[in-house]
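Every chain is numbered from 1 and lettered A, B, ... according to where its sequence line falls, protein lines coming before strand lines.
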Amino acid sequence: MLRYIFKRLLTGIAVIITIVMLITTIIFLAPVDPAQLTFGQRAETGAVAAKRTALGLDKPLYIQLYYYLRDISPINIISLADAQKRRYAFTSIIPLGKKKLILKKPYLRESYQTGRSVSAILSEAIPKTILLALFAITLASILGIFLGVIAAVYKNSWTDNIAVVCSVIGYSLPSYVTAIILALIFGYYLGDLTGLNVQGSILELDDFGDPVYVFKNLLLPGIALGIRPVAIITLLTRSSMLDVLNMDFMRTGKAKGLQKTKLIFKHGLRNALNPVATAITGWFAALLAGAFFVENVFNFKGLGEVTVTALINFDIPVVMGAVIFTAITFVIINVLVDILYAYLDPRTVLY
Amino acid sequence: MFTYLMLTVKNLHTYFYSEGNCTKAVRGVNFDLAKGETLGIVGESGSGKSVTALSILKLIDQPPGKIEKGEIIFKTEEKTTELIKVPESEMHRYRGKHIAMIFQEPMTSLNPVMSCGDQVIEAILIHQDISKAEAKNRVLALFKEVLLPDPVSIYDKYPHEISGGQKQRVMIAMALSCNPDVLIADEPTTALDVTVQKSIIELLLKLKEDRSLSMIFISHDLGVIAQIADKIAVMYKGEIIEYGSCKSVLQNPQESYTIGLLACRPPLDYKTRRLATVENYLYSDKLPFKEEKIKVEETEGRLERLAAQKPILKVDGLKSYYPKKRNFFGKTTEYFKAVENVSFEIFPGETLGLVGESGCGKSTLGRTLIKLMKPIDGSIEYDGIDVLNCPKSQLKALRKKMQIIFQDPYSSLNPRMTIGQAIVEPMQVHKLLSSDAQRRDKAISLLEKVALKPEHFSRYPHQFSGGQRQRICIARALAVEPQFIICDESVSALDVSVQAAVINLLKDLQLEFDLTYLFISHDLAVVQYISDRILVMHKGKIVDRGTSEQIFKSSQNKYTRKLISAIPVVSF
């Protein structure tokens, strides 16, 4: 198991390096000058050139790439003379003559637009998004699995038909449409009744300018994000359960005197969960990567919004930071899924 | 001897409804079962024997199934119950506690994600109010009673970690866990090897003695039933056509169907030209079957003639391994040696039998021969061509000459292709005949050859029975006019009577087309019947070889003897 995790983390690092290479290349080839953009329309040529040098944009592609990888790597070898110029804190581990091996936090550079550190921008947005995604996926999982099981057990009944039709509708609705509908109905028209806001993030400033958690602001965006996963999870649970319900061991369970509910949940559901687990974790990773439309509708200020704003402004460091975070999320979640598989099904062998 | 009746089934009718069609699976079945008695129900697939068993516990899925009418009276010392009238919400009090059941497929009848111990404990805790620790002790005692090796470690193992026979023992332990009055065993040994089958039957006999169990034992194999049953019910098309004590039914069968069933097993001590099928006895318009023995001199003459030729297939030092353990970089460090150093040769026109228990490597050997699997080492020479190192163009020509017929006729035909397409396709691949019209004609003539009809050409596999599907697979293999056919357990999944018919067909085709067979099977009786020579395989190695006569009558090999002694025989 440990060997497996180690192996997967190594591939994960390879994935991240590839992604960095890909994005750096794309940006290098794009006909946009980020240095120019930081100054706006009326920039002096000299200032722009100075900025380019400062940002290292005048260097060839492979040097830029090397610099960036060096910045994000948590372990590094730097020369002592170089050390002072660094803009990040580090702990040295082993001195190596004129150089030394250091340990540091990955340095994601600063935003071209605001000059704020990318780490700070991301660490502000990410927790909000994580909470939102967690809420949406939990809601979707509970509801989806329950509906799926019911639909499978009462196959071809009206309950089943309604569940399937609703799932198809739910899946066909783009999340921003549901987001707007939900915001209008429950935030605007019924706002006094429900007490929900049309817009707002989970972390808001109160009247005195202090940050407060407004958990009810999770509700509407969470539901809007959760509807499509609910539909998928329902359909998957249903079809997977239908297979399992026909299996021989279900008959064995019945023959030993198990009552229906216990048989279905204890023996049936556990065997049906594998494909469902794939869907749930896949969606969770996708939600974490940012749900721009929904975040935008509710003005949620999460990762999706940060990423898209940065893209529009060609704010490369922020885009890179967001993409790297997303990649890491996917790598970690994939490892977790595989471990979850092994737990759900003892026949799984992890290589 | 039998004190009182535990179970009486009267006029049971169970039907299945689908899309307006009604299949009358069980039509008016009557039988009774006394305390300590074993009733054997025998019949071919689709005869309604399993449905009868499932109806007793109302385990039929409703819909599509429905118990239309009848009475199932279950009597214990305390009370008498009419099981059909018991509502579904109350049925669970009877299932497992009073009437327990074991099933055919131990591989799929246990929940794969629960440990063996937990599954048995669950059964105990449903019906009895005892602590978990106490239940665990009881499970361990049960595991010991069903002769599982090392009960403590099996307790924590998952079903996939133990063998098929051990799984069936766990199933039996589970069924016995609540001291049931009646045990229903639905083909409990069919999926197991003969030696394992023997040990399971011995176990059931012992348990029946120890616990004075009443048992309903269902099987398609009269040989198995004969060993365990006190009385026999023969089922045919949903009805019991013959019912009586074991002795009287076997010694003096009244119905032609029963006589046919008894006759169609290959005889063990002599060879015959053809095997009887049930049809020979059922339909009076066919000529009555006359057994024609083959004289020993004829067999010997044939063997000499075959051995005088140049071998068509020469296998030398063949090794086929599966990876078992891998190191960090994905390189295999440990192998499972499925085929270990196997050498043999086959002569043109010969049938070589390859016999062994499941997991002995016989199928891997078959797959390796036609290069569906790459061996680690060794050489295969077919008709002078080095199979393992020949160029691609030659390989294609080789594939045309060597064909394989698999075990499961249900999964080896593409359900979305008509059987006509299935037979024509290999001809197209190998560019046989010049036009599709000709290929179609050829396919139709092949269908007739395997006793199917031309109008079957455009039907789909699901419209055929198991035996018919196996005939289709044979026709498909014959389509490319092969010389050498590997039959990998090709008749194992078929009913005895259908099996006899397919074996007859294979023998006819061999004569007509000069075919050479490698006949792989776990069923020694069948291999003995069809083969000229036999290889016995055990744990990847050939442990015994000889002519069919030698192996059966005079083999000194311990393993061979063990296999032979495990063949269930109807003895009177």
Least distance between heavy atoms, A:G257 atom then B:H127 atom: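 Closest approach of A:G257 to B:H127, heavy atoms only: CA-NE2, 3.9 Å.
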Within a reach of under 6.0 Å around [atom1] of [X], are more than 12 heavy atoms found that belong to other residues, nucleotides or ligands?
{"X": "A:K104", "atom1": "NZ", "answer": "yes"}
{"X": "A:Y66", "atom1": "OH", "answer": "no"}
{"X": "A:I75", "atom1": "CD1", "answer": "no"}

Chain B contact via A:L245 - which portion, at a heavy-atom distance below 4.5 Å: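 No part of it gets close to chain B.
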From [X] [atom1] over to [Y] [atom2], what is the distance, rounded to the nearest 0.5 angstrom?
{"X": "B:I126", "Y": "A:Q259", "atom1": "CD1", "atom2": "CD", "result": "8.5 Å"}
{"X": "A:M250", "Y": "B:L59", "atom1": "CE", "atom2": "CG", "result": "12.5 Å"}
{"X": "A:T252", "Y": "B:R95", "atom1": "OG1", "atom2": "CZ", "result": "12.5 Å"}
{"X": "A:D248", "Y": "B:N111", "atom1": "CG", "atom2": "CG", "result": "11.5 Å"}

Selection residues 91-118 of chain B - residue pairs positive for ring pair (Phe, Tyr, Trp, His ring centres under 6.0 Å), sequence neighbours left out: B:F74-B:H98, B:Y94-B:H98
Partner chain B: residue of A:K260, A:K262, A:K254 with the largest heavy-atom pair count (under 4.5 Å): A:K254
Contact class of [X] relative to chain A, heavy atoms under 4.5 angstrom:
{"X": "B:E161", "value": "neither"}
{"X": "B:L54", "value": "side chain"}
{"X": "B:L110", "value": "backbone"}

Top of B:M107, B:K97, B:M114, B:Q104 for chain A proximity - count of heavy-atom pairs under 4.5 angstrom: B:M114
Among B:R93, B:M91, B:H160, residue most engaged with chain A (heavy-atom pairs, under 4.5 Å):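 Heavy-atom pair counts peak at B:H160.
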Interface residues of residues 166-174 of chain B facing chain A - non-hydrogen atoms under 4.5 Å apart: B:M171, B:M174
Any residue meeting salt bridge (charged side-chain N to carboxylate O under 4.0 Å, His left out) with B:E105, in chain and number order, not counting sequence neighbours: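 Testing B:E105 for salt bridge (charged side-chain N to carboxylate O under 4.0 Å, His left out), a comparison that skips the adjacent residues, returns none.
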Members of residues 325-347 of chain A whose heavy atoms come closer than 4.5 Å to chain B: A:L344, A:D345, A:P346, A:R347
A:K266/B:E122 ion pair, N-O < 4.0 Å: yes
A:K256 (side chain) donor-acceptor with B:Q119 (main chain) under 3.5 angstrom: yes
